[in-house]
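Each residue takes its place number in the sequence, starting with 1.
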Amino acid sequence: MENKKETPKAQGELKRKLGLGAALAVAVGTTVGSGIFSSLAEVAGAAGSATMLIISFIVGGLIMIPQNLLYAELSSAYPEDGGQYTWLKEAGWRPIAFLNGWLAFWSTDPCTCSVMSLAIANYLAFFIPGLAGLGVRIVAIVIILAFTALHYRSVEAGARFTTFITSLKMLPFFILVGVGLFFMKGELLAAPAMPGAATGIVALLAGVSATTWSYDGAVGACYMAGEVKDPHKTMPRVMILCIGIVILLYAGLSTIAAGMIPLEELAASDAPIALAFSKIPMIGTAAGIVTALLGILVITGSMSSATMYQPRLEYAMARDGLWYKRFEEVHPQYNTPSFALLAQAAYAILLVCVSSITDLLGYFTFICLVKNMLVFCTMFVHRKKPDYNPGWRCPAWQLMTVIAIFANGILLVSTFLWTPGASIVASVVALATGLPAYYFFEKRNKAAKA
């Protein structure tokens with residue numbers, strides 16, 4: 001690993017205050033989100049057998065290792081806030097970098113906060129009789145405001161909370177794995193494939209494809225690389241540790257679930273985690289309560305991470321003149337991207353008041369996958385730059401890049417086949433709105449320089 005000097009932060013810039021633990025908490029906290037509550041059932045249905053379910057989660061995680069290794073190299077080469085936007089920009093793909101940020105703000109990042117706040121509110125309704133409708137939306141708005149205030153006032157306090165809640169939310173999963181070992185049934189693990197289910201390589205490909213979103217999210221920590229201490233060493237460690245922890249967790253969960261629940265029952269379940277807890281005698285009928293509490297913990301951790309790192313993208317864009325100037329404001333006392341945080345909260349609250357947010361998110365899945373593939377393609381550009389000097393280099397980077405592009409391509413094709421109309425509409429909307437906005441900002445930049 002190469003030694004590189006860090007450029008001192010100027011007044012009005014975000015300072016390097018985050019250590020390994022905080023950055024790792026953001027990466028793991030974003031990756032292990034609410035998706036795990038449904039992905040076990042989805043992968044079980046796709047894989048068709050208990051053995052293939054477990055192998056799918058392991059192979060799915062192994063396939064994501066190259067992606068994280070590439071993130072590790074890029075974040076050590078460009079230790080700045082912005083993540084994928086920064087890497088696309090540094091590759092010379094400025095318009096595509098802008099489109100990345102444009103889509104992130106208007107279609108994914110604040111929407112993520114809205115959906116997660118509503119999910120937390122719905123889980124709270126399990127314990128609060130009569131909480132429904134407008135009441136749920138009011139609670140969701142309060143949650144957005146609370147997390148915004150936390151991360152507005154102090155990056156250190158926000159990081160400590162994120163680290164604490166991420167550690168706390170992982171604990172029940174590992175307890176389930178540890179305790180579940182004593183209640184597994186070998187015959188369930190050895191059971192043949194479900195009637196009519198695919199077998200062999202077809203089942204493996206289907207199962208691995210279904211795990212893809214479960215492993216996505218570690219890149220969130222890269223959005224804050226400009227605030228991480230010794231990023232040339234820390235960021236590679238974060239990316240590698242994150243994927244290792246998540247593979248271990250998912251392999252354990254899938255093994256326990258397949259060993260305690262008949263696969264047909266697991267694949268048909270709307271709440272596979274609750275079903276797994278219900279098979280443990282000490283918990284039994286209290287599984288619903290346990291799962292609701294776990295849901296609140298898991299999504300709270302993801303919500304904290306997302307609220308913290310997402311505004312760093314608009315902050316980075318504003319500093320490059322590709323976003324509204326106020327988004328680069330840094331609070332003089334708290335040293336946080338104050339306006340970017342407030343803008344995210346305002347837009348998220350507006351979206352809470354709009355129904356069918358999750359339907360809107362589906363329209364942009366395809367274009368976001370295209371963006372991810374383009375990020376991996378930039379490796380071939382970065383490696384040819386004479387001034388490219390990462391603090392850590394990905395081993396066998398050409399092979400790792402090809403695997404990352406291929407793994408993302410599997411999901412891209414399946415998404416297009418699943419919703420071809422939405423994919424085409426999303427692409428047209430992205431280009432029709434994003435490109436004029438890009439040229440508006442660039443025209444303004446030229447006028448300012450003139």
Option from Leu99, Leu88, Val375 for which side-chain contact (heavy atoms from CB on, under 4.5 Å) with Trp93 holds
Leu88
Sorted by chain and residue number, the side chain to side chain donor-acceptor pair (under 3.5 Å) partners of Arg153 (sequence neighbours excluded) come out as Tyr334
Classify the angle between the aromatic ring planes of Tyr152 and His331 as parallel (below 30°), tilted (30 to 60°) or perpendicular (above 60°).
perpendicular
Interatomic spacing from OG in Ser214 to CG in Leu40 - rounded to 0.5 Å
8.0 Å
Compare all side-chain heavy atoms of Ile299 with those of Lys169 and state whether any distance is below 4.5 angstrom.
no
Please find out if less than 6.0 Å separates the ring center of Phe376 from that of Phe406.
no
Can you check whether Tyr315 and Phe327 have ring centres sitting under 6.0 Å from each other?
no
Of all residues at least two apart in sequence or in a different chain, which pass the ring-ring contact (aromatic ring centres under 6.0 Å, His included) check with Trp397?
Phe380
Do Asn372 and Gln67 have side-chain atoms, one donor and one acceptor, less than 3.5 Å apart?
no
Judged by modelled atom types alone, do Thr162 and Ser305 share a side-chain donor-acceptor pair under 3.5 Å?
no
Does the gap between the ring centers of Tyr85 and Phe98 come in under 6.0 Å?
no
Rounded to the nearest 0.5 angstrom, the CD-NE2 distance for Glu90 and His382 is 7.5 Å
